[in-house]
Undergrad: 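Sharing a structure below in C-alpha cells format, with a few things to ask.
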Amino acid sequence: MYTVFFVGTAGSGKSTLVSTLSTWMEDQGFDVGIVNLDPAVEYLPYVPDIDIRDRISARKIMKQFKLGPNASIIAAVDMIVTEAERIKEEMEIIGAPIYLIDTPGQMELFAFRQSGAYLVQKLSDVHTLVVYVADAVYAQSVDGFAVTMLLALSTRIRFKKPQILVINKSDLLSEDVRINILNWVEDPTTLLESIDLPPYEKEILRSVANMGGFIEPLFVSAKTSEGIDKLYYQLQLHYTGGEDVQ
Ligand code: GDP
Ligand code: MG
C-alpha cells in the first residue's frame, strides 16, 4: 500500500489536484484510492473512498461544543487522531495499491500540529510520499518563491518523508515566469540579487539556498491537466523505481 499526502497552503489546489490525478490514473487503468482528511471542507471535486467527514465534522463540533469556526476546525483535525487506526484498517480492507490523501485546507493545522505528523506516521506503510502543493500565483514573485521554498522545507522537516514539490495553477503562469522560477532554483544568486531583504535575512536565505533548500518544482495544473503525467511518473519513481503501481 502506497500513500501520497497532498499538503499545501489554503486554496493552493490540493483537493483539485487529487481529483485530476486520480481521474488521470483511473483513465490509464490504475486502481487508486482517495482519502479525505479535511473535516471542514464543504465541497469535494472527487468521490472519496474514505471521508473523515463521515466520522468527524467541524460543523457538528462547532455546535456541540459551542466553539468558533477556527477552534472547531483545530479540534476536528486533532480528533482525526482517534480515528487513525480505523482509517488504516479501512484502507487495508478496500485494498487499493495506492492512496491519494487530501489534507485539511489550511496547511498549518496539518503540517504544524502534532496530530498531522502522527497521522502521516500512522497511515504510512513502507512507501509514503508527500506532495507539497504550491500556488503558482503566489510563487511567481521573488518573495513568494522564497517563502514557498521555506514552507516546503518546514513540511519536509515536519513529516520526515520524501517530498515532491509541485507548482500548481501553472496555467496562470507565463513562459517568462516559469523561466524565472527555474533560474532561481538553478542559480539562487539571481533570486538573492533581486529580493528586497535586510542583510542578515538575506544571508540566512542564501545559506538555505546554497545547502540545496531550493527544490526544482514540477509545473502542474489541476485545471488543464498539464504535468499530471509527469507527477505520476515521479510518484512511480519513488515507489517502484519506475514500474507501474499495481
Ligand atoms: P485546497 O484548499 O488546497 O484543497 O484548494 P482547492 O482544490 O479547493 O482549490 C482552490 C481553488 O483553486 C478552487 O477555486 C480551484 O478551482 C482553483 N484551482 C485549483 N487548481 C487549479 C489550477 O490548476 N488552475 C487554476 N487556474 N485554478 C485552480
Ligand atoms: Mg481542499
Side-chain angles (χ1 to χ4, degrees), residues 3-25 27 32-59 69-70 72-74 76-78 80 87 99-113 115-116 119-120 123 129-141 144-145 147-148 151-152 154-155 158-159 163-178 181 217-232 234-235:
T3 46
V4 185
F5 289 83
F6 290 76
V7 181
T9 51
S12 60
K14 300 177 287 296
S15 301
T16 316
L17 192 56
V18 164
S19 167
T20 305
L21 177 61
S22 62
T23 304
W24 185 92
M25 287 173 67
D27 288 349
V32 54
I34 307 179
V35 180
N36 168 46
L37 290 186
D38 187 347
V41 68
E42 296 278 333
Y43 162 79
L44 284 178
Y46 53 79
V47 180
D49 296 282
I50 300 172
D51 191 345
I52 193 62
R53 294 175 303 174
D54 295 340
R55 299 181 171 140
I56 295 164
S57 143
R59 194 175 277 275
N70 276 331
S72 58
I73 294 174
I74 293 170
V77 174
D78 286 350
I80 302 175
I87 294 171
Y99 282 95
L100 308 184
I101 306 188
D102 193 10
T103 65
Q106 289 128 309
M107 75 172 277
E108 61 176 278
L109 299 181
F110 192 74
F112 303 146
R113 292 179 70 78
S115 47
L119 282 164
V120 169
L123 303 182
L129 190 71
V130 173
V131 175
Y132 185 83
V133 185
D135 190 319
V137 179
Y138 184 62
Q140 65 184 316
S141 68
F145 178 81
V147 170
T148 296
L151 279 173
S154 312
T155 307
R158 195 73 187 105
F159 295 131
Q163 187 167 306
I164 295 175
L165 173 68
V166 307
I167 295 192
N168 185 40
K169 308 192 189 176
S170 288
D171 54 289
L172 302 174
L173 293 184
S174 67
E175 197 52 40
D176 284 354
V177 170
R178 289 168 191 240
I181 292 176
L218 197 58
F219 292 104
V220 306
S221 167
K223 191 175 171 187
T224 66
S225 294
E226 177 201 336
I228 297 299
D229 50 347
K230 295 203 182 84
L231 175 57
Y232 174 73
Q234 290 271 334
L235 304 186

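In each ligand, atom 1 is the first atom listed, and ligand 1 is the first ligand listed.
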Undergrad: Counting each atom of ligand 1 from 1 as listed, which ones have a heavy atom of S221 under 4.0 Å away?
TA: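 What qualifies from ligand 1 is 23 (O).
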Undergrad: Looking at ligand 1, does any of its N/O atoms fall within less than 3.5 Å of an N/O of S170?
TA: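 No, S170 has no N/O under 3.5 Å of an N/O on ligand 1.
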Undergrad: Which heavy atom of the protein is the closest neighbour of atom 12 (O) of ligand 1, given with residue, atom name and distance?
TA: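 Here the nearest protein heavy atom works out to K169 NZ, 3.4 Å.
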Undergrad: Which heavy atom of the protein is the closest neighbour of atom 10 (C) of ligand 1, given with residue, atom name and distance?
TA: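 The protein heavy atom lying closest is G11 O, 3.6 Å.
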Undergrad: Taking atom 6 (P) of ligand 1 as the point of reference, which of T16, V220, T9 owns the nearest heavy atom?
TA: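 Going through T16, V220, T9 one by one, T16 has the nearest heavy atom to atom 6 (P) of ligand 1.
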Undergrad: Judged by atom type as modelled, is there a donor-acceptor pair below 3.5 Å linking the side chain of K14 to the main-chain atoms of G8?
TA: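 Answer holds: yes.
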Undergrad: Which residues satisfy the ring-ring contact (aromatic ring centres under 6.0 Å, His included) test with F159, sequence neighbours excluded?
TA: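 If we apply the ring-ring contact (aromatic ring centres under 6.0 Å, His included) test to F159, skipping adjacent residues, the hits are F110.
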Undergrad: Among all protein heavy atoms in this structure, tell me which lies nearest to atom 5 (O) of ligand 1, with the distance rounded to 0.1 Å.
TA: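 Ranked first by proximity to atom 5 (O) of ligand 1 is G13 N, 3.1 Å.
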Undergrad: Please list, chain by chain and in numerical order, all residues satisfying side chain to side chain donor-acceptor pair (under 3.5 Å) with T3, sequence neighbours excluded.
TA: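 Once residues adjacent in sequence are excluded, the partners of T3 under the side chain to side chain donor-acceptor pair (under 3.5 Å) criterion are T128.
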Undergrad: Does S12 have a non-hydrogen atom less than 4.0 Å from ligand 1?
TA: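 Yes, S12 has a heavy atom closer than 4.0 Å to ligand 1.
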Undergrad: Is there a donor-acceptor pair under 3.5 Å between the side chain of Q163 and the backbone N or O of A152?
TA: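 At least one qualifying donor-acceptor pair exists.
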Undergrad: Check whether any side-chain N or O of R178 sits under 3.5 Å from a backbone N or O of S170 as a donor-acceptor pair, and report yes or no.
TA: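 Judged by distance alone, yes, a pair lies under 3.5 Å.
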Undergrad: So, at under 2.8 Å, which protein N, O or S atoms would a careful student list around the Mg ion (ligand 2)?
TA: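 Near the Mg ion (ligand 2), the protein supplies S15 OG.
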Undergrad: With only distance considered, is G105 within less than 3.5 Å of ligand 1 through an N or O on each side?
TA: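 No, since none of the N or O atoms of G105 sits under 3.5 Å from an N or O of ligand 1.
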Undergrad: With D78, which residues qualify under side chain to side chain donor-acceptor pair (under 3.5 Å), at least two apart?
TA: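 Once residues adjacent in sequence are excluded, the partners of D78 under the side chain to side chain donor-acceptor pair (under 3.5 Å) criterion are R113, S115.
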Undergrad: Give the atoms of ligand 1, by number and element, whose distance to some non-hydrogen atom of S15 is under 4.0 Å.
TA: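 Counting atoms of ligand 1 from 1, those under 4.0 Å from S15 are 4 (O), 7 (O).
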Undergrad: Using a 4.0 Å heavy-atom cut-off, which part of L172 comes near ligand 1: side chain, backbone, both, or neither?
TA: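 The answer is the side chain.
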Undergrad: Among all the protein's non-hydrogen atoms, which is closest to atom 20 (N) of ligand 1, and how far away is it?
TA: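 Going atom by atom, the protein heavy atom closest to atom 20 (N) of ligand 1 ends up being N168 ND2, 3.1 Å.
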Undergrad: Can you check whether P69's main-chain N or O pairs, donor with acceptor, with S72's side chain at less than 3.5 Å?
TA: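 Such a contact is found between S72 side chain and P69 backbone.
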Undergrad: Quick check against the 3.5 Å criterion: does N168 have a side-chain atom that pairs as donor or acceptor with the backbone of S12?
TA: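 Yes, because the side chain of N168 sits within donor-acceptor range (under 3.5 Å) of the backbone of S12.
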Undergrad: For atom 23 (O) of ligand 1, find the nearest protein heavy atom and state the residue, atom name and distance (0.1 Å precision).
TA: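 Going atom by atom, the protein heavy atom closest to atom 23 (O) of ligand 1 ends up being A222 N, 2.8 Å.
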Undergrad: Who's the nearest protein heavy-atom neighbour of atom 24 (N) of ligand 1, and how far?
TA: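 Going atom by atom, the protein heavy atom closest to atom 24 (N) of ligand 1 ends up being D171 OD1, 2.7 Å.
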Undergrad: So, applying side-chain contact (heavy atoms from CB on, under 4.5 Å) with L44, which one of V18, D38, N36 is it?
TA: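 That would be N36.
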Undergrad: Under 4.0 Å from atom 1 (P) of ligand 1, is there at least one protein heavy atom?
TA: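 Flag for atom 1 (P) of ligand 1 set to true, protein heavy atom closer than 4.0 Å.
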Undergrad: Please answer whether the main-chain N or O of P45 pairs with a side-chain N or O of S19 as donor and acceptor at a distance below 3.5 Å.
TA: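 Here the side-chain-to-backbone pair exists.
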Undergrad: Got a donor-acceptor contact below 3.5 angstrom from the D49 side chain to the I34 backbone?
TA: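 Between the backbone of I34 and the side chain of D49 there is a qualifying donor-acceptor contact (under 3.5 Å).
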Undergrad: Quick check against the 3.5 Å criterion: does T155 have a side-chain atom that pairs as donor or acceptor with the backbone of L151?
TA: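 It does hold such a pair.
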Undergrad: Is there a donor-acceptor pair closer than 3.5 Å between any side-chain N or O of S141 and the backbone N or O of G144?
TA: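 Yes: the side chain of S141 pairs with the backbone of G144.
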